[in-house]
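Take a look at the structure below.
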Amino acid sequence: MNCFQIRNHTSDILDGTLKPEDKKQIETHLVECEPCSEELKHFRIILSSIATSPRIAVPQEKKNHELLMDSRDLRRTRVQRLRKRWRTLPWYIRTTLEGTGIVFLVLLSISAGPRLRMFYERQIERNVTEFSDTFSESAPDGLSAGDLPVLTKGKTGNSDSAGIEEEVDGGNAEYDGESEIAEPQDSAQDISVGNSEIWRFILKTDSPKEIRNRIVQILSELKISRDTPGLGGIEAPGGIQFDLLVPISAISSIKRQLQKISAKAPEGLTKAGSLETFAWYRNKSRKSLPAGKTRIVIWLSQI
Amino acid sequence: MSVQKGPSPFQIYQDLIFDLCQSTLNDLQQSQQVFDSILKTLQKTKTSDRFQIHERSWVFQIACQHILSVHEKLDTQLSCSNQIEMDALASSASRLKHFSAFFQRLQPEDRLLLLMREKYGLPFSEIASTFNLSEESLKSRRDRALRSLEKWIWSNK
């Protein structure tokens, strides 16, 4: 091996990564060739000088620099710094800023209140509209105002209810004489319908005509024939009355639907305990009714 | 199961980076400025999972880029008169005492290479990825730098 070849292997010689077959030849050459061995010795001195040169550590003030902190320490340091700066501000500036902040928050909450209320009212309105739309859409035969049976003005005997006589006066229906009068029942209880019964429903509403239309729709949905006498209702002083014969099976549905559409009482009246908008009673009819049928009397009175 | 967050890269390598800056630039003020800029870059750059393995070479890559960009604007060389004075020293032993001055004569890339290889013990594969060069190129570069230093100190040519 010659000096030129030794030069090509300098890096491997210094790193000690020579191949075994080259190592022997190189060692032999180095023993014989002084310039090469001298050069390698100088290289080793240079490398050791570099390796042993003193290491300069990061100055202490740099170690406290926020760039060298982790995020949690950094946040803490920044918060502490802000607090310190806040305390160094003159008292009148701090007071002014704090006062301004409080006033701003109060104004914000005052201005937000009506908006929230408006939003809440709109929500309710939307729900009510949806409910009304759903209810009006559910009329199976697409009953519109024009399709509703005519509301007759009634007095005694004008009812078309077959064979049934009843006086309609200022809003109180007459009960059949010695019949049993059932106590008004809790609407949550299940009802059982017997034969030859009269079911009375009393609804108090501020718009009897509107409720009347809904009742007609309810009855139509329950497949009660449009030709049924009394389906259209009778207008009387103080309200509107329905008096008709319906299948026994329809009673519970009618009751449920009427409960739904009965209006909520105004707050003041409810508190006084004097107004319920929905009530129902059951009586035994003196006169026999057709099999499978029962009589319902719905009274819509004006609040 | 929560993962414990270890120290960030610049917390692990801060001393190495600072020493690299100072040894290469040989100016404390400049070294501190470069150090700050390197840390800012490391902080801004989001480390993805792959840097968990090659984190050190990524850190050194950023450090070398900053050092080289600053070095272009700096004049770290000795003045001509100082260089003549150094060369005029009688013995190699006395010249060896001023080794750092001769070291500053090297190209900044050569200085970085020698420091990373000899002082910090980085393998050639890692230095190659830092400089984006092959290992053979790095080895021949190191040889060239060593020969230059040897010539200045011992041969006085």
So what's closer than 4.5 Å to chain B heavy atoms on A:Asn8: side chain, backbone, both or neither? neither
Step by step, work out the side chain to side chain contact (heavy atoms under 4.5 Å, CB included) result for A:Ile46 and B:Phe102. CA-CA 11 Å; A:Ile46 291 168; B:Phe102 289 105; over 6 Å; no
In terms of heavy-atom pairs under 4.5 Å, which option from A:Glu39, A:Arg55, A:Glu38 contacts chain B the most? A:Arg55
Tell me, out of A:Thr10, A:Leu14, A:Ile45, A:Asp15, who's got the most heavy-atom pairs with chain B below 4.5 Å. A:Asp15
What do you reckon, is CD of A:Glu21 surrounded by more than 12 foreign heavy atoms closer than 6.0 Å? yes
Is the number of heavy atoms from other residues, nucleotides or ligands under 6.0 Å of A:Gln123 CD greater than 12? yes
Please evaluate residues A:Ile50 and B:Phe99 with respect to the criterion side chain to side chain contact (heavy atoms under 4.5 Å, CB included), reporting the C-alpha separation (whole Å), side-chain torsions for both, the decisive distance (0.1 Å), and the verdict. CA-CA 9 Å; A:Ile50 296 170; B:Phe99 175 80; 3.6 Å; yes
Listed by residue number, which members of residues 114-129 of chain B have a heavy atom under 4.5 Å from any heavy atom of chain A? B:Leu114, B:Leu115, B:Arg117, B:Glu118, B:Lys119, B:Tyr120, B:Phe124
Atom CG of residue position B:Asn132 - does it have more than 12 heavy atoms of other residues, nucleotides or ligands inside 6.0 Å? no
By a 4.5 Å heavy-atom criterion (distance strictly below it), what part of B:Leu20 contacts chain A: side chain, backbone, both, or neither? neither
Go through the atoms of B:Leu96 and report whether side chain, backbone, both or neither lie under 4.5 Å from a heavy atom of chain A. side chain
OG of A:Ser49 to CG of B:Leu149, rounded to nearest 0.5 Å, is 9.5 Å
Quick check for you: among B:Gln22, B:Arg147, B:Arg142, which has the greatest number of heavy-atom pairs under 4.5 Å with chain A? B:Arg147
B:Glu136 side, atom CD; A:Ser11 side, atom OG - distance, nearest 0.5 Å: 8.0 Å
Passes side chain to side chain contact (heavy atoms under 4.5 Å, CB included), A:Phe43 versus B:Asp143? Steps please. CA-CA 9 Å; A:Phe43 287 167; B:Asp143 289 348; 6.0 Å; no
